[in-house]
Each structure stands twice: as C-alpha cells, then as structure tokens.
Engineer: 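This is the structure I have questions about; it appears just below.
Only this structure's heavy atoms are used, side chains among them; waters, hydrogens and symmetry mates stay out.
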Protein chains: 2
Amino acid sequence: MAKIKNSANGTKKETILEEAARLFYEKGFSATSMRDLAEQLGVEAASLYNHIHSKSEILKGICFRVAEAFMTRMEQVEMNNETALKKIEGLIRFHVQQMIHEYEYVHVSDGEWKHLAEPYLTEYQAQRRSYRKRFAALIEEGIRENQVKDIDPPTAVLIMLHAVGGIESWHRSKRKITAEQLEENMVTILVQGLCRNDQIK
Amino acid sequence: MAKIKNSANGTKKETILEEAARLFYEKGFSATSMRDLAEQLGVEAASLYNHIHSKSEILKGICFRVAEAFMTRMEQVEMNNETALKKIEGLIRFHVQQMIHEYEYVHVSDGEWKHLAEPYLTEYQAQRRSYRKRFAALIEEGIRENQVKDIDPPTAVLIMLHAVGGIESWHRSKRKITAEQLEENMVTILVQGLCRNDQIK
DNA sequence: CCTACCGATCGGTAGG
DNA sequence: CCTACCGATCGGTAGG
C-alpha cells in the first residue's frame, strides 16, 4: 500500500513525470515499461493510471514542458534591445543552462519526441520548426548587421542546437569542469565561431 | 517464397543490416520489431534467423562498423604530418561526410548503442572513450602550438562531435544547400570557433 | 491504492 | 525459405 509522494512543486502526476524523464533518458521511451516506472515509484503498474491516462501522455507532458520553456525564452530574447549577436549568445547560454539543470527533460524531448502520438507529434514538430526559424532569423539579422559571418543561417542553427547536446556526456563524466566553465567554453567556441573575425574584441 | 536479395557489396546479412539501419534510424531500436524488418525485406520474421543470430547482433554490426570507420580514420590522421589544426579540420570533414553519406548508420550508432548487449556494450564504450581522448589530445596539441584557443579540450570534443549530428535535420529538410556548402559552413563555424583569433588568415 | 486479468505483440525456436 | 508455435512481456482495464 505504498504511495507516490507529492513532488516539491505539487502533484503526484508531477512526481511520475520526473521519474519517467529519468528512465526515458536512461533506457529510451520504448524500452521503458510502465512496470519499470511503477517499480521505481514503489507502486503497482495499474496504480499509475489513476494519475495519468497513458504512457504516451507522459511523453507528451515532458516534450511540451521543454518546448514551452524554450519558446518562452525566445519571446523574451526577441523583445529585448540587444544586438543580434547578444541575443544569440543569450539563447546559447539558456540552452547550456537548461542542459545542465534539466538535462533529462531536454534530452528526452530532443531524442524521443518521434514516439509522440498524433496530434501531438504534428504539434511538436511545428513548434520545433518555428523555434528554429526564429533562431535563424536572429542569425540573419546578425549577418545584416555585419556582426556574424556570411554563413547559411539554418545550418548555423543546427550546429548551435546540437552542440549543446554534448553536455549530456559532461554529466556522465567524472573529471568535471564547473558548470560556469562549461558555459564559457561553449560560448567561446560557438559565439566566436559565428562572429566575424574583425568583430572579436 | 520471397528471397532476400544480395546487396551490392555482398551477402544477405549485409542487406539485412542496411534495412535495419534505416528502420532503427526511423523508429529507434526498441520500437522496431523483427516482424517490421522482415516485412520491409519481403520475408517472414523467422526467416531472418537463417542469416543473423539475434536482433542484438544486428545492432552490434551497425555500431561496430561505424566505430571502426572512425577509428581507422583517426589512425590515418594521427600519422600524417600536418599541424594539429589541420588534423582537427580533417576529422571534422570526415565526420561531416560520414554524416551526409551514411547518416543512418552513424545516427543509429550514436543514438542506440545503449541497447547493445554485453560484452559489446562495454567494448563499444571503451572505443568511444578512446576516440574522444585521442581527439582531445589533438586539441591539446593545437593549444600548445598556439593555434587553438585556451579552452577545455574534452568540452571542445563534445561540441565538435555533437554539432555534426545536426546534419540529420539537413537530410530531413526540403530547402537544401549542397553537401559541399554544408561541409564548408561546418568547418567555418567549428574550426574558426576553435582557432585563436590571431591565427585566422 | 491493489489483485486479477485482457488481447496483442515481442524475440526467438523447432522442424521441415 | 516457410508454418506453427513458445513463454514472456507489453499497455491498459475492471472492479473493489
């Protein structure tokens, strides 16, 4: 008669999502069974269905929470009055920080979204496309302002977004530099990789 | 009484690996069943076992083929007489090219290796660690030669290896720049991101 | 929250 | 290469 404890920020559903993110990160969505998840939470598999409707709904919860966090940040960045290059740097720093502190959620969202059921699959892909387009628009702006090299903006976006995924390995490694050093290294390589050489101070 | 046709380079086992790579790429290893694979090849699932021993063996074949290709290239690069920076550029170009032409194999190897069975899992992880260490050593060499910025070499390796993974999205996209342009964009951002600013010609 | 259980599907084998 | 089939496990439901 074990009970799922409520998570810090609230409901039991929240606790389930959190543990699911950990397991999906470790073994993948398809290789994680509802019985695996229940075991980690100390209950029977059937009991989970009092809090969630399906396995698919859990994945949906994880993916859209991440998508929303990045969308919200994108809106903030677009509205501030910095140069395009500063905006890009701000986004990269946010990606790095999210990857450091919420890497299980981010990694699951990035790697397992293809297992979403319709109509969420389509919806998620649309959000992802929109985010990338807006990121690419910032890079284009940087090129017009002569701060950024004349490169293909969508390609630059792909590099930026995937590069921060490398932080996953940082989590697994023993010999760790600090999170701050990691962030600075990322910015050094990525932002200066974008930057026109005559713009580097 | 359909038959699996022999692939260009030989055996039926080869044909099976090729189709499996495509399916594992599309749906993931765990979500792909032997019946899915058999259907794509036009035979019954049981027939596959005349050519391979298990589902796990297929994954092993894919992962180790990719690992071997990169290891072989690493050895070639280490032995040539270029500067460290040129060696790094050579490796990045190889990664880009592999990602363009063999992306299903590379993507499956990068994303599904965790489903390998022992002892292959341990063996694969060891190869992967070794590759990254040797890559990091080249970056260290570049720093000593004052060609590369003073950054954390293992972090730089993570960025390089993950950044090229973005090419997956290039394959899916409609509006494509050419493979050559893609390679140049990658090198521009990544190599110059590593480069000391006073070293850029 | 549990016990009991469902139909479907899984990887794989036997035997021809 | 196939048919026939195995035990295990899957996501999920009924009913309390």
Side-chain angles (χ1 to χ4, degrees), chain A residues 1-7 10-24 26-63 108 112-118 120-121, chain B residues 1-7 10-24 26-63 108 112-118 120-121:
Chain A
M1 218 148 293
K3 286 201 174 188
I4 299 176
K5 61 172 185 225
N6 289 10
S7 76
T11 65
K12 297 179 183 180
K13 182 168 172 177
E14 191 60 30
T15 313
I16 294 174
L17 283 209
E18 226 151 86
E19 185 57 35
R22 235 185 43 72
L23 283 173
F24 293 170
E26 219 173 88
K27 323 206 301 170
F29 174 75
S30 297
T32 302
S33 72
M34 293 301 277
R35 285 158 179 89
D36 291 335
L37 178 54
E39 196 186 352
Q40 287 298 315
L41 293 165
V43 296
E44 293 301 316
S47 305
L48 295 173
Y49 290 87
N50 290 301
H51 304 101
I52 49 102
H53 297 107
S54 68
K55 187 185 178 186
S56 185
E57 195 207 38
I58 298 176
L59 183 61
K60 182 192 103 188
I62 293 169
C63 290
V108 168
E112 308 288 334
W113 62 266
K114 60 182 159 188
H115 298 112
L116 284 167
E118 292 292 3
Y120 304 108
L121 179 60
Chain B
M1 218 149 290
K3 287 200 173 187
I4 299 175
K5 60 168 184 227
N6 290 9
S7 76
T11 65
K12 297 179 183 181
K13 182 168 173 179
E14 190 60 28
T15 312
I16 294 174
L17 283 208
E18 228 151 84
E19 186 57 36
R22 235 185 43 73
L23 284 173
F24 293 169
E26 218 174 271
K27 324 207 299 171
F29 174 75
S30 296
T32 302
S33 72
M34 293 301 276
R35 284 160 180 85
D36 291 335
L37 179 53
E39 195 187 352
Q40 287 297 315
L41 293 165
V43 297
E44 292 302 315
S47 306
L48 295 173
Y49 290 88
N50 290 300
H51 305 101
I52 49 103
H53 296 106
S54 69
K55 188 186 179 188
S56 184
E57 194 207 38
I58 297 175
L59 183 61
K60 181 192 102 187
I62 293 169
C63 291
V108 168
E112 308 289 334
W113 61 265
K114 61 181 158 191
H115 298 112
L116 283 168
E118 293 290 4
Y120 305 109
L121 178 61

Engineer: Between the protein and nucleotides 7-9 of chain D, list the N/O to N/O atom pairs that are separated by less than 3.5 angstrom.
Structural biologist:
none

Engineer: Please classify the nucleic acid contact of A/Thr32 as base, sugar-phosphate, or nothing, using heavy-atom distances under 4.0 Å.
Structural biologist: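 If one applies the 4.0 Å heavy-atom cut-off, A/Thr32 turns out to touch the sugar-phosphate alone, with no base involved.
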
Engineer: So, the side chain of B/Lys55 versus the backbone of B/Phe29: is there a donor-acceptor pair under 3.5 Å, distance only?
Structural biologist: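 Such a contact is found between B/Lys55 side chain and B/Phe29 backbone.
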
Engineer: Determine whether B/Trp113 and B/Leu59 satisfy the following criterion, side-chain contact (heavy atoms from CB on, under 4.5 Å), listing intermediate values before the conclusion.
Structural biologist: CA-CA 8 Å; B/Trp113 61 265; B/Leu59 183 61; over 6 Å; no

Engineer: Using atom CG of B/Leu23 as one end and atom P of C/dC10 as the other, report the distance to the nearest whole Å.
Structural biologist: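 Atom-to-atom, B/Leu23 to C/dC10, this comes out as 13 Å.
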
Engineer: Of all the heavy-atom pairs spanning A/Leu48 and A/Ile16, show the shortest one and how long it is.
Structural biologist: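 Result for this residue pair: CD2-CD1, 4.0 Å.
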
Engineer: Quick one: A/Asp36 CG to D/dG11 C1', roughly how many Å, whole number?
Structural biologist: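 Value for this atom pair: 12 Å.
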
Engineer: Within this structure, what is the CG-to-P distance between B/Leu37 and D/dC1, rounded to whole angstrom?
Structural biologist: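 Taking atom P of D/dC1 as the reference, CG of B/Leu37 is at 12 Å.
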
Engineer: For A/Met34 and C/dC1, what is the distance between atoms CE and P respectively, to the nearest whole Å?
Structural biologist: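 Atom CE in A/Met34 sits about 13 Å away from atom P in C/dC1.
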
Engineer: I need the CD-P distance between A/Glu44 and D/dT13, as an integer number of Å.
Structural biologist: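 Taking atom P of D/dT13 as the reference, CD of A/Glu44 is at 17 Å.
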
Engineer: Do the non-hydrogen side-chain atoms of A/Glu18 and A/Thr15 ever get within less than 4.5 Å of each other?
Structural biologist: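 A side-chain contact is absent here, since even the closest heavy-atom pair is not under 4.5 Å.
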
Engineer: Check each residue of residues 46-59 of chain A for a non-hydrogen atom within less than 4.0 Å of any atom in DNA chain C, then write out the ones that pass by number, or none.
Structural biologist: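 Those residues are A/Ala46, A/Ser47, A/Asn50, A/His51.
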
Engineer: For the pair made of CG in B/Leu41 and C1' in D/dC2, what is the distance, rounded to whole Å?
Structural biologist: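 Rounded to the whole Å, the gap is 16 Å.
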
Engineer: Look at atom CD of A/Glu57 and say whether more than 12 heavy atoms of other residues, nucleotides or ligands are closer to it than 6.0 Å.
Structural biologist: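 Yes, CD of A/Glu57 has more than 12 neighbouring heavy atoms, counting only those of other groups under 6.0 Å.
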
Engineer: Are A/Glu26 and A/Arg22 within salt-bridge range, i.e. N to O under 4.0 Å?
Structural biologist: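 Yes, charged N to carboxylate O under 4.0 Å.
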
Engineer: For A/Lys27, does its backbone N or O pair with a side-chain atom of B/His115 as donor and acceptor, under 3.5 Å?
Structural biologist: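 Side chain of B/His115 to backbone of A/Lys27: a pair is present.
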
Engineer: For Watson-Crick and G-U wobble pairs within 3.5 Å on both distances, what is DNA chain D written in dot-bracket notation, | included for inter-strand pairing?
Structural biologist: ||||||||||||||||

Engineer: Which heavy atom of B/Glu112 sits nearest a heavy atom of B/Gly28, and at what distance?
Structural biologist: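 That closest heavy-atom pairing would be OE2-CA, 3.6 Å.
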
Engineer: Which heavy atom in A/Thr32 sits nearest to a heavy atom in A/Leu23, and how many Å separate them?
Structural biologist: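 Looks like OG1-O, 3.5 Å.
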
Engineer: In the structure I gave you, are the side-chain heavy atoms of A/Ile52 and A/Lys60 within less than 4.5 Å of one another anywhere?
Structural biologist: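 Heavy-atom side-chain distance check fails, nothing below 4.5 Å.
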
Engineer: After noting the C-alpha distance and the side-chain angles of B/Met34 and B/Ile58, does the key distance pass the side-chain contact (heavy atoms from CB on, under 4.5 Å) rule?
Structural biologist: CA-CA 11 Å; B/Met34 293 301 276; B/Ile58 297 175; 4.2 Å; yes

